[in-house]
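Report on the structure given below.
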Amino acid sequence: MDALSVSITLRSRQSQDGEETHLEQRMAGTLSATRNGWQLQYREPSGEGGETCLTLEQGRALLERGGPLETRMRFQPGAVHPARYQTLYGALELSVETDYLGWELSHSGGRVMIRYRLSAQEQLLGAYTLQLRVRTVQEPPADEQK
C-alpha cells in the first residue's frame, strides 16, 4: 500500500528530577501499512531532529530519528532495551523500560501512546509519555493542484 499523507499532533510529557515539561507539536508526515503493523514517518518542526520513523508491530515499537540528535529506541512492555541518544556533546548509552505501548491506527488515522522510563548507568533519568494523534490529509484532485 502507498503511504498516506497525514497530519500529526505530537504531545509529550517529561518528568525529570521532580519537574514536569509538556510539549505539543504539529507536523506533516506519512502513514503506511506494513506486513506486520504500521509505519509513521515525520520531521519534527523544531529543527533539532531529522526524519523520524516510528515502526509499530504487535507488542513492540521502534523509534528512529536522524539528524544531529540521532536516536534509536525500542519499546516493548515488560522488557528493558538498550538505546542510543546522540547529543551535541556525544552519545549517551541508555536503557528504555516501557510501561505502556498502545495504538489504534487505520487508513483514516488514529492514535499512538507510549509511556516509558530512561536510565543511564542504572540511574533513572526520567519518565516520559509520547502521544501521537494521526489524521489523514485529503489531497486535492489532480486538476485542482495547478
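Both backbone and side-chain heavy atoms feed into the values below; hydrogens, waters and symmetry mates do not.
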Expected list for residues 118-134: side-chain donor-acceptor pairs under 3.5 angstrom, two or more places apart:
{"residue": "Y128", "atom": "OH", "partner": "Q16", "partner atom": "NE2", "Å": "2.9"}
{"residue": "T129", "atom": "OG1", "partner": "R13", "partner atom": "NH2", "Å": "3.2"}

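To the nearest 0.5 Å, atom OG1 of residue T71 and atom CG of residue L94 are 8.5 Å apart. Taken to the nearest 0.5 Å, the CG atom of L63 stands 5.0 Å off from the CE atom of M73. A distance of 7.5 Å separates CD in Q14 from CG in L23, rounded to the nearest 0.5 Å. Atom CZ of R135 sits about 15.5 Å away from atom OG of S5, to the nearest 0.5 Å.
In terms of heavy atoms, Y85 sits closest to R65 at CE1-NH2, 3.3 Å. Nearest heavy-atom pair, L10 versus M27, reported as atom, atom and distance to 0.1 Å: CB-CE, 3.5 Å. Across all their heavy atoms, A83 and V96 have their closest contact at CB-CG2, 3.5 Å. For the pair G59 and P77, the tightest heavy-atom approach, listed with the atom from each and the gap, is O-CD, 3.6 Å. Closest approach of E57 to W103, counting heavy atoms only: O-CH2, 2.7 Å. Residues L31 and G109 come closest through the heavy atom pair CD2-CA, 4.4 Å.
Looking at residues two or more places apart in sequence or on another chain, you find no side-chain hydrogen bond (donor to acceptor under 3.5 Å, both in side chains) involving R74. Scored by the side-chain hydrogen bond (donor to acceptor under 3.5 Å, both in side chains) test, E64 finds R72 as partners (sequence neighbours excluded). Applying the side-chain contact (heavy atoms from CB on, under 4.5 Å) test to R26 and every residue at least two apart in sequence or in another chain returns T9, E24. Under the side-chain hydrogen bond (donor to acceptor under 3.5 Å, both in side chains) criterion, S95 pairs with no residue, sequence neighbours left out. Under the rule for a side-chain contact (heavy atoms from CB on, under 4.5 Å), P82 has no partner lying at least two apart in sequence or in another chain. Taking the side-chain contact (heavy atoms from CB on, under 4.5 Å) definition, one finds that A79 meets it with Q76, H81, sequence neighbours left out. Residues satisfying the side-chain hydrogen bond (donor to acceptor under 3.5 Å, both in side chains) criterion with R84, sequence neighbours excluded, are E93.
The number of heavy atoms from other shown groups lying within 6.0 Å of CD (E20) is above 12. For D17, the CG atom is loosely surrounded, since the number of other residues' heavy atoms within 6.0 Å does not exceed 12.
A heavy-atom distance below 4.5 Å is found between the side chains of L56 and L54. With contacts defined as side-chain heavy-atom distances shorter than 4.5 Å, the pair V6/L40 qualifies.
For the salt bridge (Lys or Arg N to Asp or Glu O under 4.0 Å) condition, the pairs that include at least one residue of residues 98-114, sequence neighbours left out, are D99-R117. Within the structure, every pair that satisfies the ring pair (Phe, Tyr, Trp, His ring centres under 6.0 Å) test and touches residues 60-79, not counting sequence neighbours, is listed here: F75-Y116.
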